[in-house]
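Take a look at the structure below.
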There are 2 protein chains.
Amino acid sequence: MPDLAQRYDLRAELARRGVRLTRQRRVLVEVIQHATRHLDAEALWRQGQARDANLNLATVYRTLALLKQHGLVDELDLMHLEGEKHYYEVSRAQSHLHLACFRCGRIEEFQTEEFEKLQQLVEQTCGFAIKTGRLEFGGVCRQCRERA
Amino acid sequence: MPDLAQRYDLRAELARRGVRLTRQRRVLVEVIQHATRHLDAEALWRQGQARDANLNLATVYRTLALLKQHGLVDELDLMHLEGEKHYYEVSRAQSHLHLACFRCGRIEEFQTEEFEKLQQLVEQTCGFAIKTGRLEFGGVCRQCRERA
DNA sequence: GTATTTGCAAAAGCTTTGCTGCAAC
DNA sequence: GTTGCAGCAAAGCTTTTGCAAATAC
C-alpha cells in the first residue's frame, strides 16, 4: 500500500466535518490510517484492542459505516479471495484498482491515468455522477506465472 | 440487460465441457440465461421453483459455484445496494461495467472499448493474467440528477 | 451398477441491532 | 446537563456443509 501521502488524513477530515472524536474513533482511525495491508473488520478490531482492550467489534463496524458515509474509506471485496469479508482502506484523491492473485493470494494495487479517464468517460457518456467505485481483477500474478 | 446475443449459451457450454446436465441444472441454466434483470440466489431459486417445485436453495448455490468455476457466469455486488447479496449474470465476450444509483436503486450497464483497453494495459504493465474482473460505480444516475 | 448430485436441516461467517450505561462537549 | 456513543449479547442474513436418498449415465 504505497503513496501514503495522497491518502486523506482521517482525523483531520473528521474534525473538519465536526464529527465527534471519541476515544474509540481515535484509536480506529489511527489503525486504519497507518495500516500496511488491507484489513478486514476483525483485523482492525484486533489491532485496535492493542490500544484499547475494551474495544468492541460492533464499534468497529459502526465506525467503518461512519467513515464510509463520509467517503473517507473505501470498502473492497478483493474478489472474495478469503470468503465474504470486506476490507477497508483510506480513500485517495486518485483512484486505483486491485489485482487479486488466485494462486498466491497476494493483492496488488495499480494506479493509472487510464482509469481516471474511464471514469470521466462514464460520467460524460452516461450522465452518471460517480460517488464511489471499485475495480478489481482476479487472475494470476507475474510471480506465479513465472513460477509455473 | 441488452445484447443477449453475445452472452454465452450456458447449456451448450456445459455440454461442450462434458458437465452432467441434471434436471436442476437445466432449470437453473434456463432461468439465468433468460433473466431480464440481475438476480440474486433467492430470486433464481424462486423462479426455478416455478419449473421444479422441489428445487432447493442449496442446489442453486452449488450450481452457481459450478458455473462460476467454468467462467460462465459473473458474480456482482452491485455496490451492496440491498445488503450483502450477490447477483449473477451470464458472462460475455466483451466485458462491461455496472452503474448503481444510490437514489433510485437502478442498475445500468455500460460497455466501452476503453474498459477493454484498460484490461490490456493492466495485463501488459503488471504481467497479470486476468481471469475475471468487476468494475462497479455507485452514484447518482442521469434521471435522478435531472429530477433533483 | 457406480459415481454424482440433490434435498434437507443444521451450521457457519460476517454484519447489524436493541438496550442500558457511559462519555463527550 | 444533554446528546450521542460504546459495550454486550442476541439476532439477522447470506452462504456453506454433512449426510442419506435419489438420479444420471
Side-chain angles (χ1 to χ4, degrees), chain A residues 10-11 14-32 38-70 73-88, chain B residues 10-11 14-32 38-70 73-88:
Chain A
L10 296 180
R11 187 158 173 175
L14 287 177
R16 206 163 66 73
R17 290 153 209 250
V19 173
R20 212 173 196 168
L21 257 181
T22 62
R23 166 169 178 67
Q24 294 81 352
R25 285 178 185 169
R26 255 180 276 125
V27 165
L28 285 168
V29 153
E30 189 84 0
V31 171
I32 300 171
H38 296 99
L39 300 176
D40 63 10
E42 200 185 330
L44 286 170
W45 178 44
R46 277 189 274 100
Q47 297 204 14
Q49 282 188 317
R51 301 173 192 231
D52 178 349
N54 291 323
L55 181 65
N56 194 277
L57 185 54
T59 302
V60 173
Y61 279 107
R62 284 190 274 231
T63 303
L64 286 170
L66 179 81
L67 293 170
K68 278 190 284 177
Q69 277 166 34
H70 285 277
V73 304
D74 290 320
E75 190 177 61
L76 311 170
D77 295 295
L78 301 182
M79 294 313 283
H80 304 301
L81 231 54
E82 316 178 38
E84 298 302 318
K85 338 179 194 194
H86 296 132
Y87 299 85
Y88 302 88
Chain B
L10 295 181
R11 188 160 172 172
L14 287 177
R16 205 162 67 71
R17 290 154 210 249
V19 172
R20 213 170 195 168
L21 257 181
T22 62
R23 168 169 179 66
Q24 293 82 349
R25 285 177 185 168
R26 254 179 277 126
V27 166
L28 284 168
V29 152
E30 190 85 357
V31 172
I32 300 171
H38 296 99
L39 301 175
D40 63 10
E42 199 184 333
L44 286 169
W45 177 45
R46 277 188 274 99
Q47 296 204 15
Q49 281 188 318
R51 300 175 191 228
D52 178 350
N54 290 325
L55 180 66
N56 194 276
L57 184 54
T59 302
V60 174
Y61 279 108
R62 285 190 275 231
T63 303
L64 286 170
L66 180 80
L67 294 169
K68 276 189 285 177
Q69 275 166 36
H70 286 276
V73 304
D74 290 320
E75 190 177 62
L76 311 170
D77 295 295
L78 302 181
M79 294 313 282
H80 304 301
L81 231 55
E82 314 179 42
E84 297 303 317
K85 334 180 197 197
H86 295 133
Y87 298 85
Y88 301 88

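- In this structure B/Asp74 satisfies the side chain to side chain contact (heavy atoms under 4.5 Å, CB included) test together with B/Glu89, B/Ser91, B/Thr132, sequence neighbours excluded.
- Under the side chain to side chain contact (heavy atoms under 4.5 Å, CB included) criterion, A/Arg20 pairs with A/Arg25, sequence neighbours left out.
- Atom P of nucleotide C/dT4 and atom CZ of B/Arg25 are separated by 11 Å, given to the nearest angstrom.
- One can place CG of A/Leu14 at 15 Å from C1' of D/dG4, the figure rounded to the nearest angstrom.
- Remark: B/Asp77 engages B/His86, B/Arg134 in a side-chain hydrogen bond (donor to acceptor under 3.5 Å, both in side chains) (not counting sequence neighbours).
- Remark: C1' of C/dT6 and CG of B/Leu64 are 15 Å apart, rounded to the nearest angstrom.
- Summarising the geometry, the separation between CH2 on B/Trp45 and C1' on D/dT14 is reported as 13 Å, rounded to the nearest angstrom.
- Legend: residues meeting side chain to side chain contact (heavy atoms under 4.5 Å, CB included) with A/Arg17, ordered by chain and number and at least two apart, are A/Glu13, A/Val19, A/His70, A/Leu72.
- Axis deviation across the helix from C/dG1-D/dC25 to C/dC25-D/dG1 amounts to 40°, comparing end segments of five pairs, rounded to 10 degrees.
- Residue pairs meeting the side chain to side chain donor-acceptor pair (under 3.5 Å) criterion with at least one partner in residues 47-63 of chain B, sequence neighbours excluded, are B/Arg23-B/Asp52.
- Exactly one of B/Val60, B/Leu39, B/Leu44, B/Val27 qualifies for a side-chain contact (heavy atoms from CB on, under 4.5 Å) with B/Ile32. That residue is B/Leu44.
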In sequence, state the C-alpha distance, the side-chain angles, and the governing distance for A/Glu84 and B/Glu84, and then conclude on side-chain contact (heavy atoms from CB on, under 4.5 Å). CA-CA 9 Å; A/Glu84 298 302 318; B/Glu84 297 303 317; over 6 Å; no
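- Using modelled atom types, no side-chain atom of A/Arg11 and backbone atom of A/Arg26 make a donor-acceptor pair closer than 3.5 Å.
- Following rounding to the nearest Å, B/Leu44 (CG) and D/dT14 (C1') show an atom-to-atom distance of 14 Å.
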Scan nucleotides 12-25 of chain C nucleotide by nucleotide, 5' to 3', and note B when protein non-hydrogen atoms come under 4.0 Å of the base, S if they reach only the sugar-phosphate, - if neither. --SSBBB-----BS
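- Between the CG atom of A/Asp52 and the P atom of D/dC8 there is a distance of 10 Å, given to the nearest Å.
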